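To start, the structure itself, in structure tokens.
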Amino acid sequence: MTSLTAIGGRGALRRRPVSALARRRQRVGLLFVAPAVLMVLAFFIAPLVLMVWMSLNDWPLLGTPTFVGTRNYTDALHDPTFRHSLLFTGKYTLLLTPILMIVGFALAVLVQTPRRGVGIFRTIYFMPYIVGFAAASYLFLQLFNSGTGVIDRMLTDLHLVNHPVQWFASPKVALAAVLVVVTWKTAGFCMLLIMSGLQSVSGEVVEAAHMDGSGWWSTMFRVQLPLIKQTLGLVLIFSIAGSVLAFDQFYILTNGGPSNQTLTAVYWIYNQGFTHFQLGYASALSLVLMVIVAAISGIQLRLFRDTNEV
Amino acid sequence: MRFTRRGFISKAVVLAAATASVVSGCSSGGGSSGGKTTLTFWARSDESAFVQKIVDGFNSTHDNITVKLTIVPTANYVQKFGAAAAGGSAPDIASIDLVYVPYFAKQGALSDLSSTANGLSFKDTLSPAHMQAGKLDGKQYALPFSADASVLFYNKGLLKKAGLDPATPPKTFADIKTAADKITALGGGNTGFYLSGACGGCNAFGFLPSIWAAGGDLLQGDLGKQTASVSDSAPLKTLLQFLHSMQSAGDIAPSAKTDNGAQALQPFESGKVGMFVSGSFAYASIKQAAPKLDVAAVNLYDATGSSYSSFAGGDDVAIPSGSKHKDQAKTFLNWLLQTDAQTKYLANQGVIPIRSDVAASDYAGTGPVQKVLADALNKGKSVYSLQTNALYNDANGPWTAMFQKAVFGADIDGALKDAQAGFEKVLKS
């Protein structure tokens, strides 16, 4: 391809007119993206702008709003429950992410080679992902019930515990129970992404590594995984963003308890908005959380960007 | 030429796709067709034992109005109703716990029922606590629907087995603890006492009376300008110490700690619990779920057993301001308040009716439990505040957190201190 600069220098680039064909193609292209742009505007940008406006007001659910400037934000800075909920959400994310990655990776390795019947296992491992978080939480609320649930019955019958475990009576055990539920539900999705990543690595690369004397472990960790860095980054972004925004499972399983010790950030925002009916304050909290999630995702995207692409 | 045709077709396809992707929403609520009106009616799950019969009774006697009942979980009622009222999808008729009515009336969510109220010939027999809760600036925004009062229920069979006399039930905190210890000592999964550790509303209903009976109160001042005295309330500290002592003696099942009210009645109904605090709504449910259970009731006393009180609660019924069928809704309200309906659907189910003429003649005489409940309602008080939900009912609020920490933990003073701070924060906002 001849470089445009070679034809007439940099000046030629600026002075060269855009052809009618190129303009028509641009217009058609814009029309094609118009529906998507409209949806983003209507369902993301417009509510975001409204939310920023609401955060600058004392906006009760029932009643008239009054402008208060940045008061909601200064209140948020001095809100100890919000701080605790952010710390707890961070702790939950730091615990869940490695568990999900390891379990997802293990499952992906199990089902990556096409064998007879592997399709059934892939389906089985992925199926929990289809169940919504609320439904899964109610399911496990019944399974973890100390009186009528299956899990405690199994543990006592197998003599692994002496009496039924009160799963949600202490914050550590409650967190462990929630981690079990979320791993059960989401590991299949991580498995799918990692598996498709592993399958995209050419068999020849693996063969070459084996021929050079590399065993299974070092092939996996020194050759294959580095090649699918992008995919792993994607799994991390999904998993971390999802954990920071966790709500359903805590609302249903622990009610944020005992004594608000398993309260996540979104749960507190919901409480302020819909139990205390303070929509303005809840909007301010939401914006703070959004900035945090955006910052984390931004850092991740930078770390995992393909340094070969320009 | 080829380009222009292709360009035109692609543009047409894009525009068609754009218009096809318009999303439309739909609205819910009652409707009317050909003279028959459907009214939507919300009631809280605590009333589920008797409210369906009321709706069925009305529907069978009214040809051109059908009432559709929706049961909303009690713990979420205020949130759901508030969100629906704000979003314009509130029901035509709403049965609201009377402690929340002042807030909703103040926000303009309820329509003015003064004319309906003044047109009632028996207006003076209506429960004063219920009428007071629905009155704002001289106008009546809600009418009484069902009355609930808190008492201590006890299992006569278990008391007898533990060697106690069921005819003289325990009144002082010390006596209740002794009885609870003896019943737990029976073994076989029996425990002396039960409470829903994570249910703020249940514990306000059940345990504020002992504080009131001792002459104390946690809130002072006028509506909208109240202050809290939680950490310096001696009756509250005595109450928490008493409950904690029962918990550490093993008289309360461990599952009680995280029960948010969903399991409030089942332990007692299963016959394995000696005593628990609840009200007439629960009594209606117990009669249905465990008809053979030998239940009795005694009033809620202060720690020394010298005087008693009760939480005079229950529901008011209101017509949300957005309802499009206010006249038909008023027909339902008028029908509800007639003696027939009050006797048949409330008194006979064990629920205290809200008309004193019915309560005296038909209710108190139907049984010993009903006598105690009717007396409790008379002696009872209520919480009168604009922030009752955020203070007492909120699962993540100061009262619920204090109860869990104090009864199931060890640091009662710390729990009281945190609750005081939490109450002040809510009252200031």
Side-chain angles (χ1 to χ4, degrees), chain A residues 20-21 24-25 27-39 42-43 58 60-64 75 79-81 85 141 144-148 163-170 174 251 253-263 267-268 270-279 281, chain B residues 3-4 6-7 10-11 13-15 17-23 75-76 78-80 82-83 85-87 103-104 106-109 197-198 253-258 260 262-263 266-267 270 387 389-390 393-398 400-405 408-409 415 418 421-422 425-426 429:
Chain A
L21 168 64
R24 203 181 298 133
R25 278 191 176 149
R27 248 181 285 138
V28 174
L30 280 171
L31 281 176
F32 265 113
V33 290
V37 170
L38 278 171
M39 296 208 93
F43 293 108
D58 178 354
L61 183 66
L62 293 168
T64 45
D75 285 349
D79 187 347
T81 318
S85 71
L141 188 63
F144 277 124
N145 186 305
S146 57
T148 56
H163 37 218
V165 181
Q166 297 294 325
W167 289 97
F168 303 111
S170 91
Y251 183 69
L253 289 168
T254 69
N255 287 142
S259 297
N260 288 348
Q261 287 168 292
T262 57
L263 196 71
Y267 196 153
W268 184 239
Y270 164 82
N271 177 286
Q272 293 299 295
F274 296 100
T275 306
H276 290 241
F277 293 158
Q278 301 290 328
L279 292 181
Y281 185 56
Chain B
F3 273 124
T4 29
R6 231 197 257 165
S10 59
K11 270 183 236 173
V13 165
V14 165
L15 279 170
T19 36
S21 65
V22 170
V23 182
N76 303 335
V78 175
Q79 285 140 261
K80 287 217 156 85
Y103 171 75
F104 286 118
K106 192 144 202 296
Q107 305 302 322
S255 58
K257 180 176 180 184
T258 49
N260 62 359
Q263 302 293 317
Q266 287 84 327
S270 72
Q387 281 121 329
N389 191 46
N393 198 43
D394 183 6
N396 309 102
T400 312
M402 175 198 79
F403 237 82
Q404 270 195 322
K405 255 190 271 179
F408 298 92
D418 290 340
K425 185 158 179 272
V426 170
S429 63

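Order of the sequence lines sets the chain letters (A, B, ...), proteins ahead of strands, with each chain counted from 1. Note that the structure is predicted; figures quoted are calculated from it, not measured.
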*Pick from A:Gly147, A:Gly256, A:Gly63, A:Ala169: which one has the most heavy-atom pairs with chain B under 4.5 Å?*
A:Ala169
*With a 4.5 angstrom heavy-atom cut-off, which part of B:Thr400 approaches chain A: side chain, backbone, both or neither?*
neither
*asked:* Quick check on A:Leu61 against chain B: is it the side chain, the backbone, both or neither that has a heavy atom closer than 4.5 Å?
replied: both
*So what's closer than 4.5 Å to chain B heavy atoms on A:Asn255: side chain, backbone, both or neither?*
both
*To the nearest 0.5 Å, tell me how far B:Lys425 NZ sits from A:His276 NE2.*
7.5 Å
*Measure the spacing between OG1 of A:Thr81 and CD of A:Gln272 and express it to the nearest 0.5 Å.*
7.5 Å
*Contacting region of B:Phe403 [heavy-atom separation from chain A under 4.5 Å]*: neither
*Sort A:Phe277 into side chain, backbone, both or neither according to what part of it lies under 4.5 angstrom from a heavy atom of chain B.*
side chain
*How long is the gap from CG on A:Asn271 to CD on B:Gln79, to the nearest 0.5 Å?*
8.0 Å
_Distance in Å, B:Asn396 CG paired with A:Tyr267 OH, rounded so as to fall on 0.5 Å steps_ = 4.0 Å
*Name the region of B:Phe408, side chain, backbone, both or neither, that has any atom closer than 4.5 Å to a heavy atom of chain A.*
neither
*Please state whether the side chain, the backbone, both or neither of B:Asn76 comes within less than 4.5 Å of a heavy atom of chain A.*
side chain
*Where on B:Ala85 is there a heavy atom nearer than 4.5 Å to chain A: the side chain, the backbone, both, or neither?*
both
*First locate atom CZ of A:Phe168, then atom CG of A:Leu141, and finally report the distance between them rounded to the nearest 0.5 Å.*
6.0 Å
*Would you mind checking which part of A:Ser146 comes under 4.5 Å of any heavy atom in chain B, side chain (CB onward), backbone (N, CA, C, O), both or neither?*
side chain
_Segment of B:Lys80 engaging chain A (4.5 angstrom heavy-atom cut-off)_ = neither
*Against chain A, label B:Lys257 side chain, backbone, both or neither, depending on which of its atoms sit under 4.5 Å from a heavy atom there.*
side chain
